[in-house]
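See structure below.
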2 protein chains.
Amino acid sequence: MLTKRNYSPEELTALLQEHGINPTGQRLEIARLLFARAEHLSADDVFVLVNKTVTKVSKATVYNTLGLFAEHGLIRAVIADPNKVFYDPNTAAHYHFYDVASGRLTDIDADGVRISGLPPPPDDARMEGVDVIIRLRRGDRPVH
Amino acid sequence: MLTKRNYSPEELTALLQEHGINPTGQRLEIARLLFARAEHLSADDVFVLVNKTVTKVSKATVYNTLGLFAEHGLIRAVIADPNKVFYDPNTAAHYHFYDVASGRLTDIDADGVRISGLPPPPDDARMEGVDVIIRLRRGDRPVH
DNA sequence: CTTAATGCAAAGGCTTTGCAGAGAC
DNA sequence: GTCTCTGCAAAGCCTTTGCATTAAG
């Protein structure tokens, strides 16, 4: 369940700062866009969308910014498609459907889902997150 | 739990045929290697390993073959690392630890793990598989 | 003035594709 | 001879990097 939200410029600025991110013009614009859409966007999606607005942002900055946001926990990177990374403004625990044919990601609310019996992480390692991706294929025909 | 297994040439041939795959020399060699190692190998890993044997296989053929195997359910593609696809000779239900720093995948036996409360797939879609990837980070320091 | 952020273009890594040559039947 | 597979090289796509320019304080 993505929380679609139109933050005011002040709220956005505060949000970035809370995450230790220096709120520059481009970063604010990218963040605004991500939270307003609340979809799963690829870097290129963001690049296209942000450049439809007044603010112009280069591809390098889009990549750097998305990486920065993910690193600081403002958004989350979703590895589901071998060809590209999706960025998800929803950092609450939730899972994903992934439509193999269309490459579309859909949220699965974590409420009601219970995963039990997972072994503890080995040694000195720390669990950073649990990704659950359910691959879907449309149509009636079995794969083979 | 990967099932390490040294198939005889006849068994391998039969295995491929059971999956509707024409058992050519290169394909047999790649399959042999995958099942004997029973690790999570990238296409390039396979390329390097197979060319240490007598049989020489081009990169294109390695990619095509791995794609073919995965398509026919002989092996399984694991999308965990944004940079490359891993191929897993274990097609039984199981999950993965993924060490973010080293890029290493480790198996989690599905026995004992229970996932409940997942919503049904939408519409006409069919569940093709459930991928569970637990991201690990080594060291004591929290991310931020 | 000093430090950080941005843009541009080039480079990089993984994977796919086009097409010619080799192999199987 | 026909159909399939293989190899090579080139192309493609997503992403990162190097470096000069610009903005911020």
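Just so it is clear: chains get the letters A, B, ... in the order the sequence lines come, proteins before strands, and each one is counted from 1. Just so you know, these numbers come straight off a predicted model, no measurement behind them. No hydrogens, no waters, no symmetry mates; every other heavy atom, side chains included, goes into these values.
Rounded to whole Å, the distance from CD1 on Ile79(A) to P on dC14(D) is 15 Å. Put simply, CZ on Phe69(B) is 13 Å from C1' on dC5(D), counting in whole angstrom units. One atom, CG of Leu66(A), and another, C1' of dT6(C), lie 15 Å apart when rounded to the nearest Å.
A salt bridge (Lys or Arg N to Asp or Glu O under 4.0 Å) check over residues 7-17 of chain B, counting only residues at least two apart or in different chains, returns the pairs Arg5(B)-Glu11(B). The side-chain hydrogen bond (donor to acceptor under 3.5 Å, both in side chains) pairs that include a residue from residues 61-70 of chain B are Ser58(B)-Thr61(B), where partners are two or more places apart or lie in different chains.
A search for salt bridge (Lys or Arg N to Asp or Glu O under 4.0 Å) contacts involving Lys59(B) returns Asp44(B), not counting sequence neighbours. With sequence neighbours left out, His96(A) forms a ring-ring contact (aromatic ring centres under 6.0 Å, His included) with His40(A), His94(A). For Ser42(B), the side chain to side chain donor-acceptor pair (under 3.5 Å) test picks out Asp45(B), with sequence neighbours left out. Ala92(A) is linked by a side-chain contact (heavy atoms from CB on, under 4.5 Å) to Asn90(A), counting only residues two or more places apart in sequence or in another chain. Remark: Ser102(B) engages no residue in a side chain to side chain donor-acceptor pair (under 3.5 Å) (not counting sequence neighbours).
Axis angle, first five pairs versus last five pairs of the helix from dC1(C)-dG25(D) to dC25(C)-dG1(D): 10°, rounded to 10°.
For the OP1/OP2 pair of dG7(D) and a distance below 4.0 Å, the side-chain nitrogens and oxygens of Gln26(B) include at least one atom meeting the criterion. Regarding contacts with the backbone of dT6(C), a side-chain N or O of Thr24(A) is found under 4.0 angstrom from either OP1 or OP2.
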Which donor-acceptor pairs under 3.5 Å do side chains of residues 75-85 of chain A form with protein atoms, sequence neighbours excluded?
{"unit_1": "Asp81(A)", "atom_1": "OD1", "unit_2": "Asn83(A)", "atom_2": "N", "d": "2.6"}
{"unit_1": "Asp81(A)", "atom_1": "OD1", "unit_2": "Asn83(A)", "atom_2": "ND2", "d": "3.1"}
{"unit_1": "Asp81(A)", "atom_1": "OD2", "unit_2": "Tyr98(A)", "atom_2": "OH", "d": "2.7"}

Per-pair distances, 0.1 Å, donor-acceptor, side chain in residues 12-25 of chain A, under 3.5 Å, sequence neighbours excluded:
{"unit_1": "Thr13(A)", "atom_1": "OG1", "unit_2": "Pro9(A)", "atom_2": "O", "d": "2.8"}
{"unit_1": "His19(A)", "atom_1": "ND1", "unit_2": "His72(A)", "atom_2": "O", "d": "3.2"}
{"unit_1": "Thr24(A)", "atom_1": "OG1", "unit_2": "Arg27(A)", "atom_2": "N", "d": "3.3"}

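Here the shortest heavy-atom pairing between Ala38(B) and Pro89(B) reads CA-CG, 3.7 Å.
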Identify each atom pair where a protein N or O and an N or O of nucleotides 19-25 of chain C are less than 3.5 Å apart, giving names and distance.
none

Every protein N/O lying under 3.5 Å from an N/O of nucleotides 8-17 of chain C:
{"unit_1": "dC14(C)", "atom_1": "O3'", "unit_2": "Asn83(B)", "atom_2": "O", "d": "3.3"}
{"unit_1": "dT15(C)", "atom_1": "OP1", "unit_2": "Val85(B)", "atom_2": "N", "d": "2.9"}
{"unit_1": "dT15(C)", "atom_1": "OP2", "unit_2": "Tyr63(B)", "atom_2": "OH", "d": "2.8"}

